[in-house]
Amino acid sequence: MDKEQLVDLLEETGRLLELKGENPFKVRAYLNAARALETWPGGLETAAREGTLAEIPGIGKAIAEKIAGVLASGEFPYHAALKAAFPATLFELFELQGLGAKKIRVLYEQLGVSGIEALEGVCADGRLAALPGFGAKTAANLVDAIAQRRSHAGRFLYEKAAVLAETLRAELREHPAVAQIAVAGSYRRHKEVIGDLDFVVATADPEAVSAFFIAHPLVEGVIASGATKSSVRLPGGLQADLRVVSNEAFPFALNYFTGSKEHNIGMRHRALQRGWTLNEYRLANTSGEPVPPIHEEKDLYRALGLDYIEPELRENLGEFAAAEAHTLPRLVELANLRGTFHNHTTASDGRNTLEEMAEAARELGLAYLGIADHSKSSFQAHGLDEKRLAGQGEAIRRLNAGYGAGFRLFAGVECDILPDGSLDFDDETLAGLDYVVASVHSVFNLSEAAMTARIIRAISNRQVTMLGHLTGRLLLSRKPYPVDIPAVIEAAAATGTIIELNCSAQRMELDWRWWPLAKEKGVRCSINPDAHSVTGLQRLAHGIGIARKGWLTRGEVVNCLPLEEIGAVLAAKRSRA
DNA sequence: GCCGTTTTCGGCCCGACTGTTTTCAGTCG
C-alpha cells in the first residue's frame, strides 16, 4: 500500500462518513488527515514502525492506529464496512455541481438513485422534483450539471487557464468603474492545475462591474449572479467567479479568495489569538487591542505578526512558522533567469532550427541556451545517433564563434535512460558534450523498486549533469510511473546531480511539493522549458511560478547563474573525486 | 476525530447564492 492509495482511502472514508450523516467535524478530520499525509514528506513505513504517525499534524491517535493497521495488514475494515452501505457508483454524484452529501443521501434513500444514469431518469420523470427540498429548477440544474460533466473534465492546465484569466483581467481593468483588480485563487498561488478563476474587483459601482462581467463575450453561461458574487462558465467549461467589494475591503477579499483554504484557517486562527476576527471584508477587534490600519495585504500580514507571505507559498506547509521567524526565503523571479537547458530543435522533434531557437533565446534576453535533442533510442522523436549528435556539436561551435561574449549555446543531449538504467550513449560520447539531461521515455511499467534503481543507476553516471522529468507524468492525462522520489533526491544529492523542473505545461515536475526536501538535501534545480519551438521558451515564466511554490531561491536554481559561472557548474560532477 | 497561550472539554471559518421555502437548508469556495 503506497501513500497515494492510503490518501485515497482516507478521503473516501471522509466522504462515506458524510453520506452516513456523521458529525461534520469527524468528516473533516478524515479529509484533513488525507491532506496531511499527502504533503508529508517522510516515509510511512518508518513512521508506523516508530509509532510517530500521530505526530503528523492533522493525524491523531485514532487515525494513526487505523493507518498502522492498514499498513500492517493491507486491510481497512472501518472503510470497508462504511463502503458496504453504499453502491460504488454513488461517488460520481459528488462530481456534479449542486449535489452534496445530504442531497445524494436523500436521492439514494428515497429514490434509490445510485449513480448519474439513475439520476438522469428521476430528473426526467419528475420524481426528483417531487421530493421535499427539491423542485423543478433543481432537476433542470442537475440535467445541466450532468451535461457539463460529460463535456468537460473540470480541471485545467495552468497555461490554458492563464490565457482566459489574463484576457478577462485586462478587459476588466479597462472598465471605468474598476478601481483595483486581481485574479486570486489557485491561479494566483500558481497551482499547476486550476479548477476555476477567481476575480476580485474593488469598485464603487458593483452593479456595473457585475453586469459587464456576466455579459462579456467570453461568457458562455451564467451560473449565479448576485450583488457581490457572480459565477460564469467560460470556453472549455472553465468556471470564473467575480467578487466585487469596496476599496477598503479589497486587501481582505484578495487575501481570502487567494487562499488556500488551509492558509486562510491559519490566518483566521492568528486573528482570533489576538482577540480579532478576520473575514473577506475586514479585520475587526472583538476582545483585543485596536486593529492597525490595513491598506494592502502586506499590512494584514504585519498586523498578524508575520512577514509578507508570497501567494505561491500559501498552502499551510510551513509558511506561518517561517514568516513568524523571519526565515521566509526570497523567492526566485523570472528576471533572475540567465539561460536554460533542455530545448529541442528540428534535429529531433522540435519545430524550429538551432539558429531560430538561439535567436529566440537572445530576444528573451537570455545569456545562454542549452540544446538537448533526443537520443537515438527515442525513434518516435527522431532521436540523434552519435554521428548526427557530433554534427550538431559542430554547428553549435560555429554559431558560438559568431556570438561574441554576451551569448553562448551549450551542446547537450536529452539522453534516454534505458530500462536497466544504462544510458543511450557511451561515456566517451557523453563526455564530448557540455552537459547531459537524462530522462526516462520508455518502459514505464516497472515496479517502484526497479524504476527507482534504474533512475539512480543513471544519475550515478558522472556524465549525467541533470535528471529530466522525474516521474513521466502528464497532468490530467497520464499518471506518474511509480518511483521512490525521496530515494532519487538522496541519490541526486550524493552524486551532485541537478534535478530538472520541467515546465512543459503538462509536466511541471519535479513537483513543487518535493522541492523543499530536495533543497534541504542540497540538490540544485534547473528550470527547463522542454521547448519544442521558439514559443515554448515562454513557458519559463510558468516554471518560475512552480519553482517559487517549491520555496526555491535564485541560489538554488542553476540557470540563474551568469554565463561566466554556469560552465563550471555543468562540469562540476565530472571533476568530482 | 483533532487539538490545546481558550489545554482533556468543547470548540472546530463563515459568508454568498440558490431554490425551496415563509425562515431556512444545502452547496460552494
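Naming convention: chains lettered A, B, ... in sequence-line order (proteins, then strands); numbering from 1 in each chain.
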Check your understanding: Contacts to DNA chain B from residues 187-195 of chain A, heavy-atom cutoff under 4.0 Å, which residues?
Key ->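 Listed by number, there are none.
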Report the distance from atom [atom1] of [X] to atom [atom2] of [N], rounded to the nearest whole Å.
X: A/R270; N: B/dT6; atom1: CZ; atom2: P; answer: 13 Å
X: A/Y281; N: B/dC14; atom1: OH; atom2: C1'; answer: 11 Å
X: A/L31; N: B/dC13; atom1: CG; atom2: P; answer: 13 Å
X: A/R282; N: B/dC14; atom1: CZ; atom2: P; answer: 13 Å
X: A/M267; N: B/dC14; atom1: CE; atom2: P; answer: 15 Å
X: A/L283; N: B/dC14; atom1: CG; atom2: P; answer: 13 Å
X: A/L278; N: B/dC13; atom1: CG; atom2: C1'; answer: 10 Å

**Study point:** side chain to side chain donor-acceptor pair (under 3.5 Å) contacts touching residues 122-140 of chain A (sequence neighbours left out)
**Key:**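 Output for this query lists A/D125-A/R127.
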Review point. When you match A/N23 and A/R268 each to their closest nucleotide on DNA chain B, which lands nearer the 5' end?
Key: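 Looking at the nearest nucleotide for each, A/N23 comes out on the 5' side.
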Review point. Is A/S225 touching bases, backbone alone, or none of the nucleic acid, heavy atoms closer than 4.0 Å?
Key: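 If one applies the 4.0 Å heavy-atom cut-off, A/S225 turns out to touch the sugar-phosphate alone, with no base involved.
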Practice item. Could you tell me whether A/A227 contacts a base, only the sugar-phosphate backbone, or nothing, with contacts defined as non-hydrogen atoms closer than 4.0 Å? Key: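 Answer is sugar-phosphate: A/A227 comes under 4.0 Å of backbone atoms only.
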Check your understanding: What distance separates A/L501 CG from A/D511 CG, expressed to the nearest 0.5 Å?
Key ->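 Between atom CG of A/L501 and atom CG of A/D511 there are 9.0 Å.
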Review point. Is there a side-chain polar atom (N or O) of A/T228 under 4.0 Å from OP1 or OP2 of B/dC17?
Key: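 Yes, because at least one side-chain N or O of A/T228 sits under 4.0 Å from OP1 or OP2 of B/dC17.
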Practice item. Check whether any side-chain N or O of A/R28 sits under 4.0 Å from OP1 or OP2 of B/dC13, and answer yes or no. Key: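 Looking at the OP1 and OP2 atoms of B/dC13, one of them is under 4.0 Å from a side-chain N or O of A/R28.
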Exercise for review: Answer with yes or no after comparing the ring centroid distance for A/F252 and A/Y281 against a 6.0 Å cut-off, counting only values under it.
Suggested key: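 No, too far apart.
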Review point. Does the side chain of A/T553 come under 3.5 Å of the side chain of A/E556 through a donor N or O and an acceptor N or O?
Key: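 Present: a donor and an acceptor within the cut-off.
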Review point. Any side-chain donor-acceptor pair under 3.5 Å between A/D196 and A/Y187?
Key: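 No.
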Exercise for review: For the pair A/Y108 and A/F86, name the ring-plane relationship: parallel under 30°, tilted 30 to 60°, perpendicular over 60°.
Suggested key: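 Aromatic pair A/Y108/A/F86 classed tilted.
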Kindly give the atom pairs (protein nitrogen or oxygen, nucleotide nitrogen or oxygen) under 3.5 Å for nucleotides 19-22 of chain B.
| from | atom 1 | to | atom 2 | distance (Å) |
| --- | --- | --- | --- | --- |
| B/dG19 | OP1 | A/K137 | NZ | 2.8 |
| B/dG19 | OP1 | A/N141 | ND2 | 2.9 |
| B/dG19 | O3' | A/T138 | OG1 | 3.1 |
| B/dT20 | OP1 | A/G135 | N | 2.8 |
| B/dT20 | OP1 | A/G135 | O | 3.1 |
| B/dT20 | OP1 | A/A136 | N | 3.3 |
| B/dT20 | OP1 | A/K137 | N | 3.4 |
| B/dT20 | OP1 | A/T138 | N | 3.1 |
| B/dT20 | OP1 | A/T138 | OG1 | 2.9 |

Practice item. Only counting residues at least two apart or in another chain, list the ones meeting ring-ring contact (aromatic ring centres under 6.0 Å, His included) with A/H175. Key: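 Only A/F212 meet the ring-ring contact (aromatic ring centres under 6.0 Å, His included) criterion with A/H175.
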Exercise for review: Taking only the side-chain heavy atoms of A/N279 (C-beta and beyond), determine which of B/dG15, B/dT18, B/dC13 contains the nearest atom.
Suggested key: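 Of B/dG15, B/dT18, B/dC13, B/dG15 is nearest to the side chain of A/N279.
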Expected rows: protein N/O vs nucleotides 27-29 of chain B N/O, under 3.5 Å:
| from | atom 1 | to | atom 2 | distance (Å) |
| --- | --- | --- | --- | --- |
| B/dT27 | OP1 | A/G100 | N | 2.7 |
| B/dT27 | OP1 | A/G100 | O | 3.0 |
| B/dT27 | OP1 | A/K103 | N | 3.0 |
| B/dT27 | OP2 | A/K102 | N | 3.3 |
| B/dT27 | O5' | A/G100 | N | 3.4 |
| B/dC28 | OP1 | A/G98 | N | 2.7 |
| B/dG29 | N2 | A/Y256 | OH | 3.1 |

In residues 42-51 of chain A, what donor-acceptor pairs under 3.5 Å come from side-chain atoms, sequence neighbours left out?
none

Check your understanding: Expressed in whole Å, how much space separates the P atoms belonging to B/dT27 and B/dT21?
Key ->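 Rounded to whole Å, the distance is 15 Å.
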Practice item. Can you tell me, in whole Å, how much space there is between the C1' of B/dC17 and that of B/dT23? Key: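 My reading of the C1' atoms in B/dC17 and B/dT23 gives 16 Å.
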Review point. Would you call A/R233-A/E220 a salt bridge at under 4.0 Å N-O?
Key: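 A/E220 and A/R233: not salt-bridged.
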Exercise for review: Could you tell me whether A/D198 and A/R188 have a side-chain N and a carboxylate O separated by less than 4.0 Å?
Suggested key: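 Salt bridge: no.
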**Study point:** Residue pairs, two or more places apart or on separate chains, that pass salt bridge (Lys or Arg N to Asp or Glu O under 4.0 Å) and touch residues 80-91 of chain A
**Key:**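 Salt bridge (Lys or Arg N to Asp or Glu O under 4.0 Å) check on residues 80-91 of chain A returns A/E12-A/K83.
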Exercise for review: Can you run down the salt bridge (Lys or Arg N to Asp or Glu O under 4.0 Å) pairs that involve residues 303-318 of chain A, sequence neighbours left out, and say none if there aren't any?
Suggested key: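 Listed once each, the pairs are A/R35-A/E315, A/R189-A/E315, A/E297-A/R314, A/E310-A/R548, A/E312-A/R548, A/E315-A/K549.
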Quick test: give all pairs of protein nitrogen or oxygen and nucleotides 2-4 of chain B nitrogen or oxygen below 3.5 Å, distance rounded to 0.1 Å.
| from | atom 1 | to | atom 2 | distance (Å) |
| --- | --- | --- | --- | --- |
| B/dC2 | OP1 | A/G60 | N | 2.7 |
| B/dC2 | OP1 | A/G60 | O | 3.3 |
| B/dC2 | OP1 | A/I63 | N | 3.2 |
| B/dC2 | OP2 | A/A62 | N | 3.3 |
| B/dC3 | OP1 | A/G58 | N | 2.5 |

**Study point:** Set of residues satisfying salt bridge (charged side-chain N to carboxylate O under 4.0 Å, His left out) with respect to A/K66, sequence neighbours excluded
**Key:**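 None.
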Exercise for review: Report the residues that fulfil side chain to side chain contact (heavy atoms under 4.5 Å, CB included) with A/N247, sequence neighbours left out, ordered by chain and then residue number.
Suggested key: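 Applying side chain to side chain contact (heavy atoms under 4.5 Å, CB included) to A/N247 gives A/A179, A/Q180, A/A202.
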Exercise for review: Please list, chain by chain and in numerical order, all residues satisfying side chain to side chain contact (heavy atoms under 4.5 Å, CB included) with A/Y256, sequence neighbours excluded.
Suggested key: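 A/Y256: side chain to side chain contact (heavy atoms under 4.5 Å, CB included) contacts with A/N264, A/R268, A/E280.
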